[in-house]
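Working notes, structure below.
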Amino acid sequence: GHFVYTSVLYARLDSGVPQFESNRQIEDYVRSLGISYSIIRPASFMSNLEADRESALNGIYRSSFPPEKARLHIAPQDIGRFAVEAFDDPEAWNGREIDIAGDRISYTDIAAAMTRVIGRTVLYEPLSAEEYAASATATDRARDQWYLELEYPLDLEALRAEFPWLMTVEDYLREAGWGAN
């Protein structure tokens with residue numbers, strides 16, 4: 001009786017980024033159906049950090065972004081909690097479209113969170129332009145350029161006031177067992 005679509009944070013911004021644009025098209029289609037629906041737009045998944053766990057355990061966290069670049073992240077389990085809320089109360093969630101994140105954090109601060117959780121120093125080291133170019137797809141480059149140019153105006157304080165259970169990156173790392181290594 002109620003349809004919940006998990007989209008992507010940037011879907012409604014006319015970004016030109018293929019993965020964001022395809023989600024916008026799906027959102028438009030869902031709206032056109034005339035059904036009870038909710039759209040949940042999550043930020044980047046904190047679980048993407050799992051690909052960096054081994055390197056972080058060896059003291060280095062690497063990415064293509066500048067150290068001071070702060071981006072929005074969300075724990076996958078928090079996305080699930082939003083979906084459960086929408087399914088549990090479809091009347092209140094009918095037509096609701098919500099942008100979600102649990103943390104806005106710089107890459108240097110992600111390394112600091114890793115340090116606190118792991119219990120040994122993790123340094124942030126940006127990838128060189130050559131390293132990035134060697135492995136990035138056209139979609140990666142378009143998406144990452146969008147991230148670099150945009151400071152998404154999500155009011156995390158208001159979101160946390162309504163949903164106090166949202167996890168930070170450090171919360172996620174602890175729950176994911178990074179401190180057990």
Side-chain angles (χ1 to χ4, degrees), residues 1-53 63 65 69-107 109-110 113-114 117 137 139-140 142-179:
H2 185 72
F3 183 80
V4 177
Y5 177 60
T6 304
S7 184
V8 66
L9 187 62
Y10 308 99
R12 63 186 175 85
L13 299 182
D14 195 25
S15 67
V17 176
Q19 76 186 75
F20 303 157
E21 292 300 313
S22 62
N23 277 279
R24 183 174 65 161
Q25 291 170 352
I26 295 168
E27 286 187 18
D28 290 344
Y29 178 71
V30 168
R31 283 185 210 96
S32 77
L33 296 174
I35 61 173
S36 175
Y37 76 91
S38 301
I39 296 175
I40 299 168
R41 294 187 194 99
S44 296
F45 298 169
M46 292 176 188
S47 57
N48 290 338
L49 295 171
E50 295 302 327
D52 300 299
R53 187 187 289 228
S63 173
F65 294 98
K69 176 64 182 171
R71 290 197 36 233
L72 293 163
H73 298 269
I74 185 124
Q77 49 271 58
D78 286 348
I79 300 167
R81 287 184 79 169
F82 278 97
V84 166
E85 291 210 9
F87 283 124
D88 281 350
D89 193 358
E91 190 172 301
W93 280 78
N94 185 23
R96 186 165 188 188
E97 300 182 17
I98 186 169
D99 297 340
I100 61 171
D103 210 350
R104 183 186 312 267
I105 186 169
S106 73
Y107 286 84
D109 289 339
I110 291 172
M114 290 172 172
V117 172
T137 66
T139 297
D140 292 337
R143 181 198 60 229
D144 292 351
Q145 187 61 40
W146 179 256
Y147 288 151
L148 282 170
E149 293 173 2
L150 180 74
E151 187 67 35
Y152 195 80
L154 183 64
D155 185 345
L156 274 176
E157 189 174 307
L159 197 60
R160 282 191 174 283
E162 186 175 358
F163 306 100
W165 41 259
L166 283 162
M167 297 174 73
T168 64
V169 165
E170 189 164 334
D171 296 334
Y172 168 80
L173 295 171
R174 288 188 194 290
E175 189 169 295
W178 283 54

Could you give me the CA-CA distance, side-chain angles and deciding distance for S106 and F65, then say whether side-chain contact (heavy atoms from CB on, under 4.5 Å) is met? CA-CA 9 Å; S106 73; F65 294 98; over 6 Å; no
Please lay out, stage by stage, how Y37 and E27 fare under the test side-chain hydrogen bond (donor to acceptor under 3.5 Å, both in side chains). CA-CA 10 Å; Y37 76 91; E27 286 187 18; over 6 Å; no
List the steps and the verdict of side-chain contact (heavy atoms from CB on, under 4.5 Å) for D103 and Y172. CA-CA 10 Å; D103 210 350; Y172 168 80; over 6 Å; no
Test log, rule salt bridge (Lys or Arg N to Asp or Glu O under 4.0 Å), inputs D28 and R31: CA-CA 5 Å; D28 290 344; R31 283 185 210 96; 2.8 Å; yes
Begin from the C-alpha positions of R12 and E97 and carry the test salt bridge (Lys or Arg N to Asp or Glu O under 4.0 Å) through to its verdict. CA-CA 10 Å; R12 63 186 175 85; E97 300 182 17; over 6 Å; no
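Partners of R160 under the side chain to side chain contact (heavy atoms under 4.5 Å, CB included) rule, at least two apart in sequence or in another chain, are L166, T168. Residues meeting the side chain to side chain contact (heavy atoms under 4.5 Å, CB included) test with E85, sequence neighbours left out: W93, F163, W165. Every salt bridge (Lys or Arg N to Asp or Glu O under 4.0 Å) that D14 has, sequence neighbours left out, goes to R24.
Counting only residues at least two apart or in different chains, salt bridge (charged side-chain N to carboxylate O under 4.0 Å, His left out) contacts with residues 2-11 are absent. Evaluation of the salt bridge (charged side-chain N to carboxylate O under 4.0 Å, His left out) test over residues 147-156, restricted to residues two or more places apart or in two chains, returns K69-E151, R104-E151.
Taken from CD in E170 to CD1 in I105, the straight-line distance is 8.0 Å, to the nearest 0.5 Å. With rounding to the nearest 0.5 Å, the separation of OG in S7 from CD1 in I100 is 10.5 Å. For the atom pair CD1 (I40) and CD1 (I79), the distance works out to 8.5 Å, reported to the nearest 0.5 Å. Here the straight-line distance linking atom CZ of F3 with atom CZ of F87 works out to 8.0 Å at 0.5 Å rounding. Annotation: the span from I110 atom CD1 to S63 atom OG amounts to 7.5 Å, rounded to 0.5 Å. Here R81 contributes atom CZ and D88 contributes atom CG; the two are 11.5 Å apart, rounded to the nearest 0.5 Å.
Side-chain contact between E21 and Y10: absent, with no pair of heavy atoms (C-beta onward) separated by less than 4.5 Å.
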Below 3.5 Å, can you tabulate the donor-acceptor pairs from side chains in residues 70-78 to any protein atom, sequence neighbours excluded?
| residue | atom | partner | partner atom | Å |
| --- | --- | --- | --- | --- |
| R71 | NH1 | Y107 | OH | 2.6 |
| R71 | NH2 | S44 | OG | 2.4 |
| Q77 | NE2 | E175 | OE2 | 2.6 |
| D78 | OD2 | M167 | N | 2.7 |

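Atom OH of Y152 is surrounded by more than 12 heavy atoms from other residues, nucleotides or ligands within 6.0 Å.
Closest of all the heavy-atom pairs between A101 and A43 is CB-CB, 3.8 Å. Shown here for S38 and H2, the closest heavy-atom pair between the two residues is OG-NE2, 2.7 Å. Counting all heavy atoms, side chain and backbone alike, A86 lies closest to V4 at CB-CG2, 3.7 Å.
Between R41 and the choices T6, N23, D99, the side chain to side chain donor-acceptor pair (under 3.5 Å) rule is met once, by D99.
Between F20 and Y147, the angle of the ring planes lies from 30° to 60°, which puts this pair in the tilted group.
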